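Read the numbers this way: they start at 1 and go in the same order the structure lists the ligands and their atoms. The structure presented is a predicted model; accordingly, all values stated were derived computationally and were not measured.
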Amino acid sequence: MRPDPILPSGIRTNGIVVPRGPLMLPTGVAAQSRGVPACLLQSHVPQSRPGPGNSPGSRPPAALRSSGAGGGGRSCFVLGASGETGRVLLRELLARRAFARVTLIGRRRLSLGEAAAAAVEQVVVDFERLGEHAAAFQGHDVGFCCLGTTRAKAGADGFVRVDRDYVAQAAELAWAGGCKHFVLQSSRGANPQSRFLYLRVKGEVENLVQAVGFDHCTILRPAVLLCKRQESRPMEWIAQQFLGAVARLFPTAYSVPVEMVARAMVACVLQPGEGKVKVLENRAIHELGNAMPQQGT
Ligand SMILES: NC(=O)c1ccc[n+]([C@@H]2O[C@H](COP(=O)([O-])OP(=O)(O)OC[C@H]3O[C@@H](n4cnc5c(N)ncnc54)[C@H](OP(=O)(O)O)[C@@H]3O)[C@@H](O)[C@H]2O)c1
């Protein structure tokens, strides 16, 4: 097998690439997991989470255990809030007052409107040294991840780094910080065995995030996103024009508006239901998004 250019010492277990080098463990993770992060193995059994007031074996602080819509003292973070989906997700979260505290974790500070700026906290991190930013991931009940780049923009190696390694490490830090529900925006067709890099990486990151051991892990697999993308992606624009028209006949078949994805992301944390891992395919995203009353209705 050709060595992974990003993870020269990566090993493969059950189709999952387990990075050795780049992912840093937060302090307190069990000693046997050093070298290969145990939480990134499929068979991972969650250790007790490190963190303030959380001695080994104890549950996260009471504030983190509260639940229910309308804030209820709950806290969440969003990765990728500057992107097409993340931006709409942030709007949904604020409009619905779903969380008392919303933290945006990103590589740059965003200019937000006055109201939004007052309602969120922004933490700028260096994703190449994410282990040094463990504090940003501390004390959140829910983590939303809309992070991603493209091969055209970042090259194959950069794409793997962002869409798999950054996401997996963020999930690891979130779990260590007390996060109970991680919501990952993946993609239709995600498959760790795929011969297409995009779908393979999406499949790998899904496995890595599931293996972390959150109480709830929701993976959304949207088809082509319908949005007015700020950056120029000509091929995606052509697909959107065509699929936007097709969506009038088959609304859930080949595409999904980012608004629908964002609503489904919020809905799934307000009512997480039974089961640790839930995978929402495109149709299920539409159903969940539609079930959520639209703002102002
Ligand atoms: N496009 C589609 O049709 C489609 C379909 C299915 C699934 N998806 C997946 O859905 C997810 C969200 O897609 P989207 O189109 O809403 O995202 P997007 O608009 O491309 O935004 C991506 C986000 O990731 C951040 N990001 C990108 N490269 C980064 C880097 N090197 N370091 C730190 N942050 C970085 C961006 O931050 P900056 O603003 O700072 O760049 C932005 O916040 C992605 O994982 C994508 O693969 C997309």
Trace of the salt bridge (charged side-chain N to carboxylate O under 4.0 Å, His left out) decision for K202 with D163: CA-CA 7 Å; K202 293 297 182 187; D163 284 56; 2.6 Å; yes
Any atoms of ligand 1 less than 4.0 Å from a non-hydrogen atom of [X]? List them with their elements.
X: S82; result: 36 (C), 37 (O), 38 (P), 39 (O), 40 (O), 42 (C), 43 (O)
X: G83; result: 18 (P), 19 (O), 21 (O), 42 (C), 43 (O)
X: A223; result: 5 (C), 6 (C)
X: D163; result: 45 (O), 47 (O)
X: C146; result: 12 (C), 22 (C), 23 (C)
X: Q185; result: 10 (O), 11 (C), 12 (C), 45 (O)
X: T85; result: 14 (P), 16 (O)
X: G80; result: 23 (C), 43 (O)

K202 to ligand 1, any heavy atom closer than 4.0 Å: yes
Heavy atom of S186, distance to ligand 1 below 4.0 Å: yes
Ring centers of F77, F137 separated by less than 6.0 Å: yes
Side chain proximity check, C179 to H216, heavy atoms < 4.5 angstrom: no
Non-hydrogen side-chain atoms of H286 and V256 separated by less than 4.5 Å: yes
Side chain, backbone, both or neither: the part of L225 lying under 4.0 Å from ligand 1 by heavy atom: both
E236 and ligand 1 - part of the residue with a heavy-atom distance under 4.0 Å: side chain
Which residue supplies the protein heavy atom nearest to [atom], what is that atom called, and how far is it?
atom: atom 20 (O) of ligand 1; answer: R233 NH2, 2.9 Å
atom: atom 8 (N) of ligand 1; answer: Y198 OH, 3.3 Å
atom: atom 15 (O) of ligand 1; answer: R229 NH2, 2.6 Å

CA sep, side-chain torsions, deciding dist, call: R161, E128, salt bridge (charged side-chain N to carboxylate O under 4.0 Å, His left out): CA-CA 9 Å; R161 193 90 186 109; E128 282 299 318; 3.1 Å; yes
Lys/Arg N to Asp/Glu carboxylate O, R74 vs D141, below 4.0 Å: no
Carboxylate-amine/guanidinium proximity below 4.0 Å for E206 and R221: yes
Can an N or O of [X] be found at a distance shorter than 3.5 Å from an N or O of ligand 1?
X: E84; value: yes
X: G148; value: yes
X: R188; value: no
X: L147; value: yes
X: R108; value: yes
X: R107; value: yes
X: P222; value: no

Between [X] and [Y], which heavy-atom pair has the shortest distance, and what is it?
X: Q138; Y: A176; value: NE2-O, 4.5 Å
X: T149; Y: G158; value: CG2-O, 4.1 Å
X: V261; Y: I285; value: CA-CG2, 3.9 Å

Residues, nucleotides or ligands: over 12 heavy atoms within 6.0 Å of F127 CZ: yes
Heavy atoms of other groups near R188 CZ, more than 12 under 6.0 Å: yes
Short side-chain donor-acceptor distance under 3.5 Å, R101 and S75: yes
